[in-house]
K.L.:
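One structure, pasted below without further comment.
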Amino acid sequence: MSYQPAQNHHEGAYMSLMRGLRELDLRGPCVPSDLVLIGDHAFPLAMNSRGQVLMAASLYGSGRIVALGHEAYLTAFPALVENALTWLRGDGSDNLSVGVQKNVMAVADNLSKSSFQAKVVGAFSDGPGVGVYVTDAYSVGADPKDLVAFLKGGGGVLIAGQAWNWAKSHPKQNTLLQFEGNKVSGVAGIYFSDHYGEAEYLPVYPQIPTSWMAVVIGKDFEDDLEFLLQGVSEFDIQGGAIFSELLVHGPLAFPIGTTDHGQTFLAGAYYGQGRVIVISHEGFIGSEPMAQFWNNAIHWLDEGRRGVIGVLPDHAMKVLSESGLQCEKTNFRKDLSVFVCTAYSSDHMEEIQNFVAEGGGLLIGGHAWYWAQTHCGQNPLKDFAGNKILNKMGLSLLGSTIGGGLYKAPVPSQAMKDTYHFRHLLHRFAEHVTKGEELTKHEEECLKKLGGDCSTYLNLKAHDCSSYVQILSTLTDILMRSGMPQVCDSCPVKSPKDHLLLNVATEVYKVCPNPDALLPYLIKNNPLMAVVYNHRIPIDVNTKGWEWISTGLYLSPGMKTYMAIPAEMVNKGWKIQIGCQTDRLNHSELKRAQCVHEQFPITTEMVQVWNLWGGLIYLVAPGNTQLEGLQVIVQMAVPAPYYKFGVTTLAEWSLLRTAPSPWAELEFENIIITVPSDVIGNLERPDELAAHWNTIMRAIADLAVIPHKFPRKERFVADVQISNGWMHAGYPIMVHSASAAELVDYKNAKINGMWGPIHELGHNQQRGCWEFPSHTTECTCNLWSVYVHEEVFGINRAKAHPDLTYEKRKTQTQEYVKGGRKLDDWKLWIALETYLQLQEKFGWDAFKKVFAAYHKMGNVHGDNARKMNLYAETFSQTVGRNLAGFFKAWGWPIEPATEEKLSNLPSWNDHPFVQ
């Protein structure tokens, strides 16, 4: 068992309730109930070594409740009861009147010497004006709604009992909903379960207790699934609709419909005295192919009341009306039995939550993926309207998607074994780590998904929710017991278990209450490095689009620093980024963690930043920003080898190149190169490297017909592993660490060239108006490779790349002709041949003029065929020759209208394809 440092607002309540108590000796004849806790407000007071909760407290509305797992505890622990009564009457209340139900009248005797005025009553209604009501869990009365209303209005309730005996004598009844005590405590998220609690001698800890064993599902749901799936063998959600994935994370939440890969699109939950069902696309609420399921679902939610079903979405009325229950088109009303709505509005949020807690049914549908795509920088788990309602109920709509299909319904008796369930698998994984219990093959296959779901769930940052704290504590314990795999190039992560640990470690570190204590379990080799203090970063920017501003500083893993920010940069879209490696990996074998950079929005003039993995410090400037003469001050950081052309002198570089950061950065006129520091250890003349790259970048600009000063400097970042290919374009261009030396060896480049890096820079110059994906995706970028090798390095194209030798070009062209000149085959080298033949006839100037012509065209739309005709026309007009026959010979879909437009130009009749 572990204990979290005070972090949520329940800690103060816990300390008040347990004041002066050192231990709770629960041993003896009394067998308590294990209490199940849900929602944001319920928290444990006493937890045994098996993670069972034997005493708990919660809030509901304006009131408070304490539940004890056996009625005998009301007299066995008089000091605890007095503490409870003091807390229950509320802050600032002077009402000392306590109503004590006659079956527990011994409580009144114990209070005779206290300041409380105890009054023994037959029922709650017999004691008007009391501040707190004390009862056992069997004597709530005929109408528990009065007691719930008292609690909601600000009253305090102390309730004690066990439900396992009741459950034995009521085998066909639902303990969570039908046991008398749960009709009050359940509303506040505390349930007396039908499971025995193991009574032990328990020390009272200074913080709310947590345990990995408390991460259990509070019910098996077999009876619920049997009811819901009567006559249902499959879920037909075919068509073009895209669903969100549902995260089922609450102790009383369960998946109903899942894909073959365990992604949930349909789920249910208990919440308070009510129930909820969620489908992750609103269009399928009441869909005809699922009519039988919806009939079952509406009856399950109605719980036999046969009340009014309020339906908000029009399309759902027809099928839901066939349930035999009264359906009305209406917005939310408190007198409904079930409310049916979509997940796109948080209107009546608290009323709907209370409606369900007090016994209502909720059917809600919607997806969060589109919202996530259109609300960049926001957290769909916390900020999406539907999740503001659903999170408390143990369900969340995610930004990840599920395609429609025909999916088998689970077999109720096998569902817990066969269906992926987040809490169940986390509990099993914790058993695997802590007790060495073997996982089944199915469980092992699901570990990668579990890791992703844990990371997603931790983004709730719901530190006031007992469930969240339990799961965070479980993951923290797992990491402390097993450590994090020390992933690197020579020690890659391959197993599902290590994948999970690596994935989860980053997120746990971000949200755990004491990351410094966890750090040694995550990063084993973290040497101390020399630092600089109060380092000033000049801010002179004029951005078109967003870009990174290098600082020349580094943070080691887990190192924290403050950054003082000028007021002009606060809440203007600026961010601080720690780490240059922004690729998110999704490989079966990992040589580093999936995500190793962090970003912090600048919303205050003092920002604290850190990153588990460490990294270079950047300021991320928003687009269209002009600022000069400002400074950002970094309190403490590790200096990095950082050379800036035109600023850093050779004398300064001779000292800087030995700076302790493991990452070095070289910033030139139009490009910034980030490589491991050992790559630049022997670089004595960065000015010569700068001249080399400045010439390359000017040549790239010349061919693209853009100004020599790029609107945003290009970036290269070397990494031990990247998301795609050997290198890939973007901002930054990513290359493997093995290629890092190539970027800084300018002497070798002039002899042997550097095809790959220029190829990626060419990708960044491609424009959709003259691109024909996927034919030219890996082709036209090579125009820049050929151009730079010939014009800058003086290396002929036949020597620049093995696929450009005369023999290889000839063979590829002949094979293309033999294959029938099919456009499907026109790609990569054979597509490049088309452009090379044009260049060899008309020169590079023709290409420059064509690119210049496109700059003036504005937006060019259309499919490949239309764009290819436009290109043929543009190139022909540029060179003053009719090239329609040439392009047709290559298999381009040249239209008669294009041929007509070019008919007045002299034809190119002796092109290579004629020969």
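Along the sequence shown, residues are numbered consecutively beginning with 1.
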K.L.:
Counting only N and O atoms by type, is there a donor-acceptor contact under 3.5 Å from the side chain of R305 to the main-chain atoms of L301?
P.N.:
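Yes; at least one donor-acceptor contact below 3.5 Å.
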K.L.:
Would you list the pairs meeting salt bridge (charged side-chain N to carboxylate O under 4.0 Å, His left out) in which at least one residue belongs to residues 236-258, sequence neighbours left out?
P.N.:
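Of all non-adjacent pairs touching residues 236-258, those that pass salt bridge (charged side-chain N to carboxylate O under 4.0 Å, His left out) are E245-K449.
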K.L.:
Would a distance-only check, ignoring hydrogens and angles, find a side-chain to backbone donor-acceptor pair under 3.5 Å from S280 to H367?
P.N.:
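Checked: no pair found.
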K.L.:
Is a side-chain donor or acceptor of Q273 paired with a backbone partner of N182 at a separation under 3.5 angstrom?
P.N.:
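The answer is yes, because a donor-acceptor pair under 3.5 Å joins these two groups.
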K.L.:
Checking side chain to side chain contact (heavy atoms under 4.5 Å, CB included) for the pair F235/L406: CA distance, chi angles, key distance, verdict?
P.N.:
CA-CA 6 Å; F235 297 109; L406 198 61; over 6 Å; no
K.L.:
Are the side chain of S337 and the backbone N or O of V308 linked by a donor-acceptor pair below 3.5 Å?
P.N.:
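Not at all, since once roles are kept as given, no pair shorter than 3.5 Å links the two residues.
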K.L.:
Could you check whether the rings of H281 and F243 sit parallel, tilted or perpendicular, using 30° and 60° as the cut-offs?
P.N.:
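The arrangement is tilted - the two ring planes meet at 30° to 60°.
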K.L.:
Knowing that exactly one of L426, T476, T474 qualifies, which makes a side chain to side chain contact (heavy atoms under 4.5 Å, CB included) with W212?
P.N.:
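The side chain to side chain contact (heavy atoms under 4.5 Å, CB included) with W212 is passed solely by T474 among L426, T476, T474.
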K.L.:
Would you say P622 and T543 make side-chain contact, with heavy atoms under 4.5 Å?
P.N.:
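Heavy-atom side-chain distance check fails, nothing below 4.5 Å.
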K.L.:
For F339 and N331, what are the C-alpha separation, side-chain angles and deciding distance, and is it a side chain to side chain contact (heavy atoms under 4.5 Å, CB included)?
P.N.:
CA-CA 8 Å; F339 182 49; N331 207 325; 4.0 Å; yes
K.L.:
Does the side chain of P44 come within less than 4.5 Å of L37's, by heavy atoms?
P.N.:
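Answer yes - side chains close enough.
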K.L.:
Is there any salt bridge (charged side-chain N to carboxylate O under 4.0 Å, His left out) pair reaching into residues 344-355, and which pairs are they, with sequence neighbours excluded?
P.N.:
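Counting only pairs at least two positions apart or across chains, no salt bridge (charged side-chain N to carboxylate O under 4.0 Å, His left out) contact touches residues 344-355.
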K.L.:
Is there a donor-acceptor pair closer than 3.5 Å between any side-chain N or O of S58 and the backbone N or O of G189?
P.N.:
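Such a contact is absent between S58 side chain and G189 backbone.
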K.L.:
With sequence neighbours excluded, tell me which residues meet side-chain contact (heavy atoms from CB on, under 4.5 Å) with K219.
P.N.:
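Residues passing side-chain contact (heavy atoms from CB on, under 4.5 Å) with K219: N174, L176, F221, D223, D224, L252, Y270.
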K.L.:
Give the minimum heavy-atom separation between K152 and N354, together with the two atoms involved.
P.N.:
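So the two residues come closest at CE-ND2, 3.8 Å.
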K.L.:
Is any side-chain heavy atom of L266 less than 4.5 Å from a side-chain heavy atom of M290?
P.N.:
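Yes. Closest side-chain heavy atoms under 4.5 Å.
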K.L.:
Apply side chain to side chain contact (heavy atoms under 4.5 Å, CB included) to I38 and S467, showing your working.
P.N.:
CA-CA 7 Å; I38 67 161; S467 234; over 6 Å; no
K.L.:
For G310 and T330, which heavy atoms make the closest approach, and how far apart are they?
P.N.:
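Of all heavy-atom pairs spanning G310 and T330, the closest is CA-CG2, 3.4 Å.
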K.L.:
What are the two closest heavy atoms between A67 and I190, and how far apart are they?
P.N.:
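Smallest interatomic distance, heavy atoms only, reads CB-CG2, 3.8 Å.
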K.L.:
State whether the side chain of H299 and the backbone N or O of F227 hold a donor-acceptor pair below 3.5 Å, judged by distance alone.
P.N.:
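No, because the side chain of H299 does not come within donor-acceptor range (under 3.5 Å) of the backbone of F227.
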K.L.:
Has the side chain of S244 got a donor or acceptor atom that lies under 3.5 Å from a matching backbone atom of W369?
P.N.:
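Confirmed, S244 side chain pairs with W369 backbone.
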K.L.:
Rounded at 0.5 Å granularity, tell me how far CD in E328 sits from CE in M317.
P.N.:
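Reported value, rounded in 0.5 Å steps: 8.0 Å.
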K.L.:
Under 3.5 Å, side chain of R275 to main-chain N/O of G268, donor-acceptor pair present?
P.N.:
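Such a contact is absent between R275 side chain and G268 backbone.
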K.L.:
Students often mix this up, so state it plainly: with edges at 30° and 60°, are the rings of F124 and F150 parallel, tilted or perpendicular?
P.N.:
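Rings of F124 and F150: tilted, as their planes differ by 30° to 60°.
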K.L.:
Is there a side-chain contact between N586 and K448 (heavy atoms, below 4.5 Å)?
P.N.:
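SC-SC contact between N586 and K448 confirmed.
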K.L.:
Without hydrogens or angle criteria, can the side chains of N295 and S323 be said to hold a donor-acceptor pair below 3.5 Å?
P.N.:
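Distance-only check fails for N295 and S323.
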K.L.:
Using a 3.5 Å distance criterion without hydrogens, assess whether the side chain of D302 forms a donor-acceptor pair with backbone atoms of G361.
P.N.:
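No, D302 side chain to G361 backbone: no donor-acceptor pair under 3.5 Å.
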K.L.:
Return the OH to OG1 distance between Y731 and T582, rounded to the nearest 0.5 Å.
P.N.:
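Interatomic distance, Y731 OH to T582 OG1, rounded to 0.5 Å: 9.5 Å.
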K.L.:
Please test S193 against D34 for side chain to side chain donor-acceptor pair (under 3.5 Å), starting from the C-alpha separation and ending with a verdict.
P.N.:
CA-CA 6 Å; S193 81; D34 178 17; 4.6 Å; no
K.L.:
Which label fits Y457 and H249: parallel for a plane angle under 30°, tilted from 30 to 60°, or perpendicular past 60°?
P.N.:
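Ring orientation of Y457 relative to H249: tilted.
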K.L.:
Can you tell which of T456, N391, N459 makes a side chain to side chain donor-acceptor pair (under 3.5 Å) with S396?
P.N.:
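Only one option passes, and that is N391.
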K.L.:
Roughly how far apart are Y370 OH and T401 OG1, rounded to 0.5 Å?
P.N.:
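Spacing of OH (Y370) from OG1 (T401) equals 15.0 Å.
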K.L.:
Charged N to carboxylate O below 4.0 Å: is that the case for K510 and E507?
P.N.:
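Salt bridge: yes.
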K.L.:
How about C595 and H597: do any of their side-chain heavy atoms sit closer than 4.5 Å?
P.N.:
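Yes, at least one pair of side-chain atoms sits under 4.5 Å.
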K.L.:
Between atom SG of C454 and atom CG of L500, what is the distance when rounded to the nearest 0.5 Å?
P.N.:
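C454 SG to L500 CG: 6.0 Å, rounded to 0.5 Å.
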K.L.:
Please confirm whether the backbone N or O of L458 pairs with a side-chain atom of Y468, one donor and one acceptor, at under 3.5 Å?
P.N.:
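Yes; at least one donor-acceptor contact below 3.5 Å.
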K.L.:
For I65 and W87, which heavy atoms make the closest approach, and how far apart are they?
P.N.:
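Minimum heavy-atom separation between I65 and W87: O-CZ3, 3.8 Å.
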K.L.:
Quick check, are the ring centers of W371 and Y344 under 6.0 angstrom apart?
P.N.:
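No, the ring centres sit 6.0 Å or more apart.
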K.L.:
Taking all non-hydrogen atoms of both residues into account, name the closest pair between I471 and R423 and its distance.
P.N.:
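That would be CD1-NH1, 3.5 Å.
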K.L.:
Does the ring center of F265 lie less than 6.0 Å from the ring center of Y407?
P.N.:
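Centroid separation for F265 and Y407: below 6.0 Å.
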K.L.:
Show the nearest heavy-atom pair for residues A253 and H421, with the distance to one decimal.
P.N.:
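For A253 and H421, the tightest heavy-atom pair comes out as O-NE2, 2.9 Å.
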K.L.:
May I ask you to check whether F355 and F332 place their ring centers less than 6.0 Å from one another?
P.N.:
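Between F355 and F332, the centre distance is under 6.0 Å.
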K.L.:
Test W294 against I279 for side chain to side chain contact (heavy atoms under 4.5 Å, CB included), laying out the working first.
P.N.:
CA-CA 11 Å; W294 293 123; I279 186 163; 3.8 Å; yes
K.L.:
In Å and rounded to the nearest 0.5 Å, what is the CG to CG distance from D464 to D40?
P.N.:
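Answer for the CG-CG pair, D464 versus D40, is 7.5 Å.
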K.L.:
Could you state the interatomic distance from CG (N387) to NZ (K382), rounded to the nearest 0.5 Å?
P.N.:
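N387 atom CG to K382 atom NZ measures 11.0 Å (nearest 0.5 Å).
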